[in-house]
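Below: one structure, written as structure tokens.
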Amino acid sequence: MKKLVLVSAALFTLCAGPMGSRADEVAVVVAGKPQDAAETYRADGKLFLDAKSAGALYGGQVYWYAVSGRVQLSLRGRALQFVAESKTVKAGDQEFKMGEPLLVRTSRAFIPLSFLSGADFSAWSGFQTRYDERMKTVVVEKTGTIGSPRVFSYKGRTRLAVELAPDAVYRASARGTGGAELVFDYGVAEGDEKTEIDDGVVASYAFKQEAKLVRLSIRFAVNGQKWRAVELTDPRRVALDVYAPGAEISDEAPVAAAKIPAPAKAAQPSGEKKRRLIVIDPGHGGKDPGATGGHGTREKDVNLAAAHELANVLKERGDFDVVMTRDEDVFIPLSERSELANEKNADLFVSLHCNAASNKHENGFEVYSVSETASDPAAEAIADAENSVLELEGKNPQDETAKAILLAMTKTEMINESAAFSALSEKAIGKRVDVAARGAKQAGFYVLRGTHAPAILVEMAFVSHVKDEARLASRRFRRTMAEGVAAGIADYARRQGWLE
Ligand SMILES: [Zn+2]
């Protein structure tokens, strides 16, 4: 790390000319996973990415012919040819024009970021590249034709749904008696995955890019389980339904199919069950940005983006109603958030937040439920930080806390139910995300206190940790997090007998 800083400093000294050019580092996140920082070069307000870093970013190789001034970027057996100080890029018979030329500074080549994030490179490489100026982060997502699997556990059935590009094809087949698979010929996966489900119906699944296909292999909980594949629309996707051991394939309409009317009551003998309402609370907003990361990530933005993902996942599940306390960048006092939940008769309340610590090494996610006393001093400090917005509301946190404790004391049952909800959510999230699990904890969060429903607060990751911050900047991480929270909600709802 020290060496990189020295190199940057040297470049700065050599090249900082009257045009205001300089070398710098940016954070990088590929398919939701943080990578080593990449070196960049800024000239005339335009950002250039070190060619070697670019190669690593896309999993390709970079060859730099210093004498002829040529740079070759090879990716999956094809190559792009750049020439120093030229805006022309050759790709076999094709030719692309860049907005800025390939820069060569101190024997290193820099590719204009505007080219890497443009449509030509995206189509050629199969990667979508976006530079988040505010977070100083390069976000790379594979533009797959086959989306990452989403898992929904229902009573007696588990569904794995995969989004498909319009021309994508699939084949479904058994894998012996212990599993099933979906094969997508010529498909491009967004990224590989291996996940343990262990919900009593599906043991695990693996989603993998192979040479000319994508394969989704599903392992059943026990041999001989029934399964079926169905195609759904809007957006186009294929769902593989696995039925619980001993259960038969039922003819009910797919619960999760968007825009398909709810099944008639006759087809659902026990369809009397009331739909439960989940209130999602994206923390902070408006004049209250929440915590801010080293790269400038604002907690309020991440919370809102993650809340939208969670709402979408719950909508696709199809068996809950959803309300958000805010769906734009506005300031809402803490008490109004819980009041809204109470007014709407919420069955569950989920507040989404990002953690921050003065120790930059702290990382991972944790799930909180409310209690009179914090489970440990660190938990208390986090609750204090999240409650500090009360001052922005012109309230004294101490007075408000005392009031809230009185309110909460009468609701021991809610405290216990919230702890159970928190534990199930923590487990469900931990199965899906690739950040450290710090546990299910308790502390005196004001926003959870006034809610007359089991309520949790999820600290998704640390904005104060370099790699966690990069994760939070990526849609893929936020979606995986949302899937974990949704699975926790479903687990709790099943425990309560709320779901079919
Ligand atoms: Zn917060």
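Counting starts at 1 for both ligands and their atoms, following the listed order.
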* To do: Tell me the protein N, O or S atoms under 2.8 Å from the Zn ion (ligand 1), in chain and number order.
  => H284 NE2, E299 OE2, H353 ND1, E386 OE1, E386 OE2

* Neighbour count >12 (heavy atoms, 6.0 Å) for atom CZ, R215 -> yes

* **With sequence neighbours excluded, residues passing ring pair (Phe, Tyr, Trp, His ring centres under 6.0 Å) with F462** => none

* To do: Identify whether the distance between the nearest side-chain nitrogen and carboxylate oxygen of R475 and E309 falls below 4.0 Å.
  => yes

* Asked: Can you name the residues that form a side-chain contact (heavy atoms from CB on, under 4.5 Å) with A31, not counting sequence neighbours?
  -> R476

* Sequence neighbours excluded, every pair satisfying salt bridge (Lys or Arg N to Asp or Glu O under 4.0 Å) that has a member inside residues 278-289 -> D281-R337

* Would you mind telling me which of I278, L457, L448 makes a side-chain contact (heavy atoms from CB on, under 4.5 Å) with F349? => L448

